[in-house]
2 protein chains.
Amino acid sequence: MPSDGSGRQPKYQRIAAELKAAIRSGRYGPGDRLPGENDLMAAHGVARMTARQALGVLQAEGLAEARKGAGVFVREFRLIRRRGIQRLAADVWSQGRSIWAADTEDRELVVDFLSATDEPAPSAIAVVLGLAEGARACVRRRRFLLDGKPVLLATSYLDAALTAGTAIAEPDSGPGGIYARLADLGREPVRFREEVRSRMPTPEEADRLGLVPGTPVVLVCRTAYTADGHAVEVNEMTLDASAYVLEYEFDAQ
Amino acid sequence: MPSDGSGRQPKYQRIAAELKAAIRSGRYGPGDRLPGENDLMAAHGVARMTARQALGVLQAEGLAEARKGAGVFVREFRLIRRRGIQRLAADVWSQGRSIWAADTEDRELVVDFLSATDEPAPSAIAVVLGLAEGARACVRRRRFLLDGKPVLLATSYLDAALTAGTAIAEPDSGPGGIYARLADLGREPVRFREEVRSRMPTPEEADRLGLVPGTPVVLVCRTAYTADGHAVEVNEMTLDASAYVLEYEFDAQ
DNA sequence: AAGTGGTCTAGACCACTTT
DNA sequence: AAGTGGTCTAGACCACTTA
């Protein structure tokens with residue numbers, strides 16, 4: 001064995017590295033079909049499982065996507081930009097250029113309302129909302145679809161004692177949404193906290209979002225506070241990480 | 001085949017589901033060793049590859065971690081809370097309870113300075129900083145270690161024409177860090193934008209962060225703006241997603 | 001020394017998609 | 001009908017960890 005440098009590397013990693021290099025070089029572009037298991041077996045003289053392992057590396061990295069019966073394809077990404085503050089008025093900094101391109105325009109992001117129910121509040125939620133253990137919550141579930149594909153699941157929790165009999169407990173919360181209704185009740189949210197995490201999805205999340213294997217989810221938990229510092233709403237969101245860029249702005253100090 | 005419900009599911013998924021249920025039930029806690037390949041082969045009468053596949057499911061989900069020669073273990077998570085605004089003074093909302101527990105206390109988060117060099121600015125960075133194509137940038141690389149394990153890689157870019165001859169171009173940027181030095185130059189950052197994404201790591205990122213397979217990275221790109229709206233610094237950060245919760249606060253409207 | 005996970009072979013059958 | 005990826009078997013050798 002000569003001083004090969006790349007000598008001591010598993011075959012499947014060598015094959016995977018070769019495919020990745022071919023993608024980087026532009027040999028295969030987004031949406032293109034990659035060499036399949038049979039191609040790799042023939043080209044590299046390996047067993048089926050080894051070729052599978054190589055293709056599995058690209059899929060686990062989120063670079064490629066297997067379509068049963070069709071082949072393995074280079075993935076394409078189109079990012080949605082989600083701003084913490086939905087401020088349309090342009091200020092001086094909004095002019096600044098962004099790192100990651102995101103074409104929010106010319107694409108349809110539709111909201112799919114799922115349900116508004118009255119349920120016992122999960123204990124973690126009850127703590128944040130300042131409710132007694134076992135208190136009931138108004139739970140509103142929504143789903144966001146981009147070009148028909150689900151990209152965000154949202155579950156919103158409010159104190160059921162507060163929302164009972166209001167439009168917040170109804171499927172259609174009326175003009176301005178639930179924040180306008182909370183304002184009607186003298187509980188207008190004036191400040192938000194968002195906590196952001198990321199991890200691999202549970203099988204159920206992957207199913208509900210139609211996630212390609214190798215795609216993480218981003219978890220955003222937004223808490224809305226009234227002027228007197230009380231939390232009035234907790235909104236747990238699960239995002240397709242391959243579809244979103246989150247954006248936050250804040251002042252120094 | 002009776003109306004079994006779970007009848008038509010691959011064996012490896014059935015085995016994986018059984019292991020996951022056992023973890024949820026508390027049968028196996030964080031750090032515990034799971035049944036190995038040999039155990040699963042014997043218990044379920046399957047081939048080695050099938051047992052491996054089942055354990056691979058848990059690893060891909062980030063629930064378990066294989067240690068070569070030792071076994072497969074339930075992962076344990078300890079989250080660091082990272083605030084967009086590092087405001088120590090408690091305001092009324094800081095009292096609010098958080099969803100995810102994070103023990104920043106009693107753990108050592110140390111900064112490991114890597115380098116400060118003068119390099120051609122990557123074109124995406126040059127655009128954001130308003131530099132000419134091919135202009136040079138001051139590039140500062142750092143690494144954050146939690147209990148000795150790297151959890152964050154940061155690369156900071158500034159206009160080299162601005163920083164030349166200042167402490168910013170030196171390894172030690174002096175008291176108050178580079179923001180204090182920028183203030184000395186009349187370029188104090190007063191506002192920040194952070195863009196946040198998540199994806200699976202490249203092999204190089206996984207290696208540099210020592211990531212367990214099944215762990216995504218969070219990418220945070222922070223741009224610092226002066227009062228006149230010019231970008232003075234771009235900081236690209238790569239975070240171990242299993243180690244961090246990001247937190248942002250902002251006012252309505 | 002024994003046990004563990006990591007890699008690899010050479011077969012096989014299936015469900016699925018495409019032509 | 002042909003080709004594709006998904007699942008599965010029954011072996012094998014290796015490097016590594018633990019005791």
Side-chain angles (χ1 to χ4, degrees), chain A residues 1 4 6-19 28 31-75 203 206-207 210-214, chain B residues 1 4 6-19 28 31-75 203 206-207 210-214:
Chain A
M1 177 80 48
D4 192 355
S6 74
R8 281 306 70 192
Q9 199 183 183
K11 292 187 189 179
Y12 77 96
Q13 285 184 17
R14 244 192 41 73
I15 299 173
E18 184 179 307
L19 290 172
Y28 303 103
D32 284 357
R33 183 175 177 282
L34 290 171
E37 296 176 359
N38 297 336
D39 301 309
L40 295 178
M41 287 166 69
H44 295 87
V46 296
R48 158 159 264 106
M49 284 305 299
T50 306
R52 276 185 70 74
Q53 239 178 322
L55 290 169
V57 169
L58 301 212
Q59 293 170 58
E61 274 180 47
L63 288 176
E65 164 184 12
R67 294 204 275 270
K68 209 192 315 194
V72 180
F73 299 83
V74 180
R75 285 184 64 179
D207 183 60
L211 294 178
V212 173
Chain B
M1 178 80 47
D4 190 355
S6 74
R8 281 306 70 191
Q9 201 184 183
K11 292 186 191 180
Y12 77 95
Q13 285 184 19
R14 243 191 41 72
I15 299 173
E18 184 179 307
L19 290 172
Y28 302 104
D32 284 358
R33 182 175 178 280
L34 291 171
E37 296 176 359
N38 297 336
D39 301 309
L40 296 178
M41 287 167 69
H44 295 88
V46 296
R48 156 158 265 107
M49 284 305 298
T50 306
R52 276 185 70 74
Q53 240 179 321
L55 289 169
V57 170
L58 303 213
Q59 293 171 59
E61 274 179 47
L63 288 177
E65 164 184 10
R67 294 205 275 269
K68 209 191 313 193
V72 180
F73 299 82
V74 180
R75 285 183 64 178
D207 183 60
L211 294 179
V212 174

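What you see is a predicted model; the values in this text were computed from it and never measured. Naming convention: chains lettered A, B, ... in sequence-line order (proteins, then strands); numbering from 1 in each chain. Note: hydrogens, waters and symmetry copies are ignored here, and every other heavy atom, side chains too, is used.
Rounded to whole Å, the distance from CG on L34(A) to P on dG5(D) is 10 Å. In this structure, the CZ atom of R33(A) is 7 Å from the C1' atom of dT4(D), given to the nearest Å. Taking atom CE of M41(A) as the reference point, atom P of dG3(D) lies 14 Å away to the nearest angstrom.
Pairs passing the salt bridge (charged side-chain N to carboxylate O under 4.0 Å, His left out) check and including a residue from residues 42-51 of chain A, sequence neighbours excluded, read E37(A)-R48(A).
Residues forming a side-chain contact (heavy atoms from CB on, under 4.5 Å) with V46(A) (at least two apart in sequence, or on another chain): K11(A), I15(A), H44(A), T50(A), A51(A). Under the rule for a side-chain contact (heavy atoms from CB on, under 4.5 Å), the partners of D39(B) that lie at least two apart in sequence or sit in another chain are R33(B), P35(B).
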Base versus backbone protein contacts along nucleotides 6-12 of chain C [heavy-atom cut-off under 4.0 Å; B, S, -]: BBBBB-B

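A close approach under 4.0 Å does not occur between any side-chain nitrogen or oxygen of N38(A) and OP1 or OP2 of dG3(D).
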Indicate every side-chain donor-acceptor pair of residues 57-68 of chain B with a distance under 3.5 Å to a residue at least two apart or in another chain.
from	atom 1	to	atom 2	distance (Å)
Q59(B)	NE2	L55(B)	O	3.3
E61(B)	OE2	K20(B)	NZ	2.7

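Nearest heavy-atom pair across A16(B) and A54(B) is CB-O, 3.7 Å.
Counting heavy atoms from C-beta on, the side chains of E18(A) and R14(A) come closer than 4.5 Å.
Every stem involving DNA chain C, taken as at least 3 paired positions in a row under the Watson-Crick or G-U wobble test at 3.5 Å, is listed here: C:1-18 with D:1-18.
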